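Because the structure is a prediction, the values reported are computed rather than measured. Only heavy atoms go into these numbers, but all of them, side chains included; no hydrogens, no water, no symmetry mates.
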Amino acid sequence: MKQPWFKEPKKRKKQGPRLGLYKLLGSPFYFILIFLITLPMFMVLLYAITEPASSLLIFRFSFRSFSDFFQAAEFVRVFFDSLLLAFITTLIALLIGYPAAYFITKLSKKNQMLIILLISIPMWFNMMLRLIAWRQILDEQGPIHWLFGLVGIQLPRLLGTDFAIVLGMIYVFLPFMIIPIFTILSKIDPKLLEASNDLGANKAQTFRKVIIPLSIPGILTGITMVFLPAATSIAVPHHLSAGQRRLIGHVIEAQFLGDGGNWHLGSAIAIVLALVILLLISLTKILDRSKE
């Protein structure tokens with residue numbers, strides 16, 4: 001009897017025990033997903049679309065908190081000021097971070113790891129300590145004013161200005177811009193650059209038409225990782241504004257922790273901020289998928 005010209009596929013063995021092991025190993029992730037992400041977000045959404053009734057455990061569905069937010073000119077101004085400072089921070093971090101990441105890729109592997117280590121070391125220390133240090137540096141009695149005073153230049157007050165806030169956020173979040181871009185740039189195949197040179201492109205054309213397009217995923221990741229925390233930062237404006245600047249993070253915090261706060265209004269503001277940020281992220285994802 002002739003054998004069939006094709007072979008029947010082998011039946012896969014049941015993966016019951018292994019699947020159970022995978023579920024067991026994934027249980028911490030499900031715990032985090034449910035109790036530390038999904039449940040808190042559900043509570044924030046619930047407070048945002050309700051208002052208190054006669055009892056603490058009884059709510060009435062209402063969008064009053066959203067209307068209260070948009071009708072409060074002060075809140076809306078603070079909201080857009082926060083987004084503007086976050087945008088400026090992200091733009092400057094990109095202008096600094098991309099050349100720095102590109103320069104690091106040109107070093108030897110040993111020096112690359114050394115520079116990345118030096119960039120990451122400040123992140124090992126408590127943020128409050130670093131911000132307090134910057135507060136002392138920018139103070140009128142600090143070293144910056146003293147150094148400029150030696151050459152007869154009288155600087156205006158730095159602490160408590162938007163400049164100090166942006167400077168502090170760039171210092172804190174710059175590693176989140178450099179590292180993703182460096183990771184993408186270091187993975188670009190050198191053969192692509194050689195092919196570009198063989199086709200007659202000079203270094204500037206290769207950088208513009210090959211390196212930058214291939215590094216767009218790293219750029220978008222860096223933008224996201226800097227813009228999100230910069231827009232919602234509380235610690236940086238608190239320590240470097242000297243109490244003279246109020247951003248959206250302070251407004252949300254005051255609604256939850258301050259005297260006379262309104263959890264429903266705070267939740268509504270947080271939801272609006274989250275929706276705006278999600279919209280911006282969606283736009284970056286669309287750019288990432290574009291053919292250009």
Side-chain angles (χ1 to χ4, degrees), residues 73-101 103-104 114-179 181 222-223 225-261 266 269 273:
E74 177 68 15
F75 287 169
V76 175
R77 182 187 64 79
V78 170
F79 180 82
F80 284 104
D81 285 349
S82 302
L83 294 180
L84 177 61
L85 291 180
F87 173 78
I88 295 173
T89 299
T90 305
L91 179 61
I92 297 176
L94 177 61
L95 294 177
I96 297 174
Y98 194 97
F103 170 76
I104 296 172
L114 177 61
I115 298 298
I116 292 297
L117 178 63
L118 293 176
I119 292 174
S120 304
I121 281 178
M123 300 168 61
W124 301 356
F125 298 92
N126 187 278
M127 184 189 297
M128 299 301 176
L129 297 177
R130 292 183 285 154
L131 292 176
I132 291 173
W134 268 107
R135 184 170 182 171
Q136 295 176 344
I137 293 173
L138 297 174
D139 190 74
E140 292 181 354
Q141 306 300 324
I144 292 182
H145 285 269
W146 178 77
L147 288 174
F148 277 90
L150 292 178
V151 295
I153 299 177
Q154 186 67 29
L155 289 179
R157 177 181 174 84
L158 299 177
L159 192 63
T161 62
D162 288 349
F163 170 80
I165 296 174
V166 171
L167 179 63
M169 289 196 292
I170 291 173
Y171 167 74
V172 172
F173 303 126
L174 184 59
F176 298 105
M177 180 68 73
I178 295 177
I179 294 176
I181 296 176
I223 290 174
M225 294 180 67
V226 172
F227 185 82
L228 298 186
T232 57
S233 177
I234 297 176
V236 177
H238 174 74
H239 287 280
L240 299 183
S241 69
Q244 300 181 19
R245 199 69 160 94
R246 192 181 183 209
L247 298 182
I248 197 64
H250 296 108
V251 175
I252 297 174
E253 181 187 37
Q255 298 302 321
F256 283 97
L257 303 179
D259 296 334
I269 298 173
L273 181 61

Do the side chains of Leu84 and Phe80 get nearer than 4.5 Å, heavy atoms only? no
Take atom CZ of Phe103 as the centre, draw a 6.0 Å sphere, and report whether it contains more than 12 heavy atoms from other residues, nucleotides or ligands. no
Counting C-beta onward and ignoring hydrogens, is there a side-chain heavy-atom pair between Ile96 and Ile178 closer than 4.5 Å? no
Heavy-atom side-chain contact between Ile170 and Val166 under 4.5 Å: yes
Considering non-hydrogen atoms only, spot the tightest contact between Val236 and Gly168 and give its length. CG1-C, 3.9 Å
Taking the side chain as C-beta and beyond, is there a heavy-atom pair between Val172 and Met123 under 4.5 Å? no
Report yes if some heavy atom in the side chain of Ile119 is under 4.5 Å from a heavy atom in the side chain of Ile104; otherwise report no. yes
Checking Ser82 side chain against Ile248 main chain: does a donor-acceptor pair fall under 3.5 Å? yes
So CG of Leu159 and CD of Gln141: to nearest 0.5 Å the spacing works out to 11.5 Å
Answer whether the closest heavy-atom distance between the side chains of His239 and Ile132 falls below 4.5 Å. yes
Rounded to the nearest 0.5 angstrom, the CG-CH2 distance for Leu155 and Trp146 is 13.5 Å
Give a yes or no on this: more than 12 heavy atoms of other residues, nucleotides or ligands lie within 6.0 Å of atom OH of Tyr171. yes
Nearest-0.5 Å distance that lies between atom CZ in Phe87 and atom CD1 in Ile223: 9.0 Å
Looking at every non-hydrogen atom in both residues, tell me the closest pair between Pro237 and His250 and how far apart they are. CB-CE1, 3.3 Å
Restricting to non-hydrogen atoms, name the atom on Val251 and the atom on Ile269 that form the minimum distance, rounded to 0.1 Å. CG1-CD1, 3.7 Å
Are there more than 12 heavy atoms of other residues, nucleotides or ligands under 6.0 Å from atom NE2 of His238? no
Give the minimum heavy-atom separation between Ala93 and Val226, together with the two atoms involved. CB-CG1, 4.4 Å
Checking side chain to side chain contact (heavy atoms under 4.5 Å, CB included) for the pair Leu138/Leu167: CA distance, chi angles, key distance, verdict? CA-CA 10 Å; Leu138 297 174; Leu167 179 63; 4.1 Å; yes
Just wondering, do Ile88 and Asp162 contact through their side chains at under 4.5 Å, heavy atoms? no
Could you state the interatomic distance from CZ (Phe148) to CG (Leu150), rounded to the nearest 0.5 Å? 10.5 Å
Using 0.5 Å steps for rounding, measure from the CD1 atom of Ile115 to the OG atom of Ser120. 11.0 Å
Are any side-chain N or O atoms of His145 and backbone N or O atoms of Gly142, one a donor and one an acceptor, separated by less than 3.5 Å? no
Closest approach of Leu94 and Pro99, non-hydrogen atoms and distance? O-CD, 3.9 Å
Exercise: identify the closest heavy-atom pair between Ala230 and Met169: O-SD, 3.5 Å
Nearest 0.5 angstrom please: Leu273 CG to Leu83 CG, how far? 6.5 Å
Below 4.5 Å, heavy atoms only, C-beta onward: do Phe227 and Met177 meet side chain to side chain? no
